[in-house]
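One structure below.
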Amino acid sequence: MSVFSTRQLKADSLSTSAEFSLLTVSPGNELYNCFGHSAFLLIDTVNNVFKNYNYGTFDGYDPNFYTKFVRGKLLYSLAVENPRELVATAIDENRSITKQVLNLTQVQKQRLVDFLEKNYLIENRYYKYDFFYDNCSSRLRDALVYACGDSLKFNLTAPKEEKSFRGLIDPFLENKRYQDLGMDLGLGLPADKIATPYQYMFLPEHLMNGFAGATININGKEEKLVSIQEPLLLNTPDTACTPFYLKPWFAFWILFFIIFGITYYHHKKELNGYWLDVILFGASGLFGIVILLLWFGTDHGVTIKNYNLIWAVPFHLIAIPMLLMKISPKRMSSYFLINFFVIFFLLIFWNFVPQELNVAIIPFLMALALRSMYIYYRIDKDFVRWKV
């Protein structure tokens with residue numbers, strides 16, 4: 001019976017019975033595992049080796065974990081693990097595992113294990129994680145390409161409908177609408193780049209499909225890369241859908257009608273109601289600051305050029321105090337009138353914005369536009385009583 005071994009395998013050490021497989025774990029319920037997971041399984045009964053190569057590990061006990069994560073400086077690493085731990089975790093999380101046995105020559109197996117073992121050296125195992133371009137799935141693809149060279153061919157066909165990186169991750173967030181909203185707000189224009197079929201394999205499910213359709217040249221004969229594909233563990237997926245009242249768009253529509261009602265009351269009573277604008281535009285301005293920090297203060301390449309800055313304007317944090325202190329009312333009147341038209345034209349030309357914006361925020365933008373026009377109206381009405 002084979003046992004787990006973490007010892008480094010030396011050159012020419014694999015037996016002819018050694019077998020490499022790709023393990024694909026289905027998506028979990030948490031945000032960090034909802035896209036699935038991939039690992040290489042190596043079984044060599046002659047050498048008594050039974051282990052996983054996993055590029056998706058990180059130090060969750062690092063006291064600076066969240067700081068590094070937000071700034072894009074969190075290092076992931078290659079780990080060599082007991083496959084039984086992966087299975088046990090999948091059972092606990094009600095996730096399935098698919099096993100694809102790879103049809104490799106002895107030389108290719110050895111090149112692959114040599115590459116992985118070299119990567120496992122302490123000086124090589126750490127890397128800066130990039131969700132779209134350099135992660136636990138793409139690294140396995142690249143390792144196999146290194147081991148097989150030109151003999152490996154991914155028979156990838158362009159999909160009928162081109163998809164961006166943002167579009168590729170959306171289906172995995174179908175029941176995580178607030179997390180989806182948060183990612184859409186934080187990701188910038190690079191996330192809307194159209195992905196090539198080869199790049200699809202940054203997601204474990206697409207990596208599995210890419211391997212399933214790939215071929216490899218063995219002794220001049222083209223054969224399937226995957227010799228056997230079978231379920232290693234079957235789960236019972238949760239098919240329940242998130243009810244509409246727990247989705248962001250519903251919450252934002254409720255917010256809009258509340259703000260509309262308050263604004264109507266302010267209008268009837270001839271009240272300014274600027275306390276509401278402090279909350280509304282203050283939140284918008286603060287989020288604009290967050291976008292700028294993600295753009296210029298982190299190493300996340302996909303959070304740059306964020307068009308959400310059109311409505312999340314950091315200058316609101318200056319305009320609101322000036323409004324409350326009645327400083328330069330003419331300028332404040334013009335500022336909020338311009339802000340109204342900016343949001344108005346953003347909503348009109350929504351589908352022409354280069355970046356895909358999350359439609360759930362439309363009621364919030366309508367609320368910003370409504371209050372912008374109301375501020376303009378109140379300043380104009382009260383101007384004669386203000387000191388310029």
Side-chain angles (χ1 to χ4, degrees), residues 30-35 55-77 125-136 138-139 164-170 172-173 176-195 199 202-203 248 252 277-322 335 338-339 342-343 346 353-358 360-361 364-365 368:
E30 304 299 328
L31 182 61
Y32 68 86
N33 62 21
C34 71
F35 301 102
Y55 276 100
T57 61
F58 55 85
D59 183 7
Y61 297 100
D62 186 338
N64 298 315
F65 172 80
Y66 289 105
T67 301
K68 291 179 180 179
F69 177 79
V70 170
R71 296 186 62 196
K73 296 182 181 296
L74 182 64
L75 295 180
Y76 276 59
S77 68
R125 69 178 62 168
Y126 295 97
Y127 70 101
K128 189 175 291 187
Y129 183 87
D130 186 310
F131 181 52
F132 291 146
Y133 298 104
D134 194 2
N135 66 8
C136 63
S138 65
R139 287 224 158 195
S164 65
F165 287 96
R166 192 192 304 271
L168 286 169
I169 65 176
D170 278 345
F172 297 91
L173 298 167
K176 295 176 176 60
R177 304 315 301 175
Y178 280 97
Q179 293 92 327
D180 178 53
L181 174 62
M183 294 188 71
D184 277 343
L185 293 178
L187 293 174
L189 186 60
D192 294 281
K193 178 182 177 182
I194 298 300
Q199 291 172 327
F202 81 93
L203 288 167
F252 280 126
D277 302 311
V278 170
I279 298 173
L280 195 62
F281 289 96
S284 177
L286 285 173
F287 184 67
I289 296 294
V290 172
I291 291 177
L292 289 178
L293 290 175
L294 288 172
W295 186 338
F296 297 103
T298 74
D299 291 343
H300 294 298
V302 293
T303 56
I304 65 174
K305 302 179 182 178
N306 193 331
Y307 277 71
N308 283 296
L309 277 173
I310 295 175
W311 61 267
V313 185
F315 289 122
H316 290 340
L317 299 177
I318 300 174
I320 288 299
M322 292 180 65
Y335 177 86
I338 291 172
N339 190 64
V342 167
I343 296 176
L346 173 61
V353 178
Q355 175 180 325
E356 181 182 340
L357 303 177
N358 196 304
I361 65 171
F364 183 75
L365 302 192
L368 288 174

side-chain contact (heavy atoms from CB on, under 4.5 Å) between Leu280 and Phe364, worked out: CA-CA 9 Å; Leu280 195 62; Phe364 183 75; 3.5 Å; yes
Check [X] against [Y] and note the closest heavy-atom contact, atom names and distance.
{"X": "Leu365", "Y": "Ile343", "answer": "O-CG2, 3.4 Å"}
{"X": "Ala312", "Y": "Pro314", "answer": "O-CD, 3.3 Å"}
{"X": "Gln355", "Y": "Arg166", "answer": "CG-NH2, 3.5 Å"}
{"X": "Leu368", "Y": "Phe281", "answer": "O-CZ, 3.6 Å"}
{"X": "Arg139", "Y": "Asp134", "answer": "NE-OD1, 2.7 Å"}
{"X": "Pro190", "Y": "Ile304", "answer": "CD-O, 3.4 Å"}

Hey, mind stepping through Asp184 and Ile361 against side-chain contact (heavy atoms from CB on, under 4.5 Å) and telling me if it holds? CA-CA 11 Å; Asp184 277 343; Ile361 65 171; over 6 Å; no
If you measure from [atom1] on [X] to [atom2] on [Y], what distance do you get to the nearest 0.5 Å?
{"X": "Gln179", "Y": "Ile169", "atom1": "CD", "atom2": "CD1", "value": "12.0 Å"}
{"X": "Leu168", "Y": "Gln199", "atom1": "CG", "atom2": "CD", "value": "9.5 Å"}
{"X": "Leu294", "Y": "Thr303", "atom1": "CG", "atom2": "OG1", "value": "5.0 Å"}
{"X": "Ile291", "Y": "Leu309", "atom1": "CD1", "atom2": "CG", "value": "4.5 Å"}
{"X": "Leu286", "Y": "Leu317", "atom1": "CG", "atom2": "CG", "value": "5.0 Å"}
{"X": "Asp192", "Y": "Leu357", "atom1": "CG", "atom2": "CG", "value": "8.5 Å"}

Tell me, please, which residues at least two apart from Ser284 pass side-chain hydrogen bond (donor to acceptor under 3.5 Å, both in side chains).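 Ser284 satisfies side-chain hydrogen bond (donor to acceptor under 3.5 Å, both in side chains) with no other residue.
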For Asp180, what residues pass the side-chain hydrogen bond (donor to acceptor under 3.5 Å, both in side chains) criterion, not counting sequence neighbours?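 Arg177.
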Does the Tyr127 side chain pair with the main chain of Tyr55, one donor and one acceptor, at a distance under 3.5 Å?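 A pair under 3.5 Å: yes.
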Backbone N or O of Leu185 within a donor-acceptor pair of the Asn306 side chain at under 3.5 Å?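 Present.
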More than 12 heavy atoms of other residues, nucleotides or ligands under 6.0 Å from OH of Tyr133: is that the case?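 Counting other residues, nucleotides and ligands, OH of Tyr133 exceeds 12 neighbours.
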Step through the shown structure and confirm whether more than 12 heavy atoms of other residues, nucleotides or ligands are within 6.0 Å of OH on Tyr307.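 Atom OH in Tyr307 is not crowded, with 12 or fewer foreign heavy atoms closer than 6.0 Å.
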Sequence neighbours excluded, which residues qualify as ring pair (Phe, Tyr, Trp, His ring centres under 6.0 Å) partners of Tyr129?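 Listed in chain order: Tyr76.
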Decide if the gap between the ring center of Phe131 and the ring center of Phe35 is smaller than 6.0 angstrom.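 Yes, the ring centres sit under 6.0 Å apart.
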Assert yes or no for the condition that the ring centre distance of Phe132 to His300 is strictly below 6.0 Å.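 For Phe132 and His300, the ring centres are not under 6.0 Å apart.
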Quick one: are Leu31 and Leu173 in side-chain contact, heavy atoms under 4.5 Å?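 Yes, side chains in contact.
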Under 30°, 30 to 60°, or over 60°: which ring-plane class applies to Tyr335 and His316, parallel, tilted or perpendicular?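 The arrangement is perpendicular - the two ring planes meet at more than 60°.
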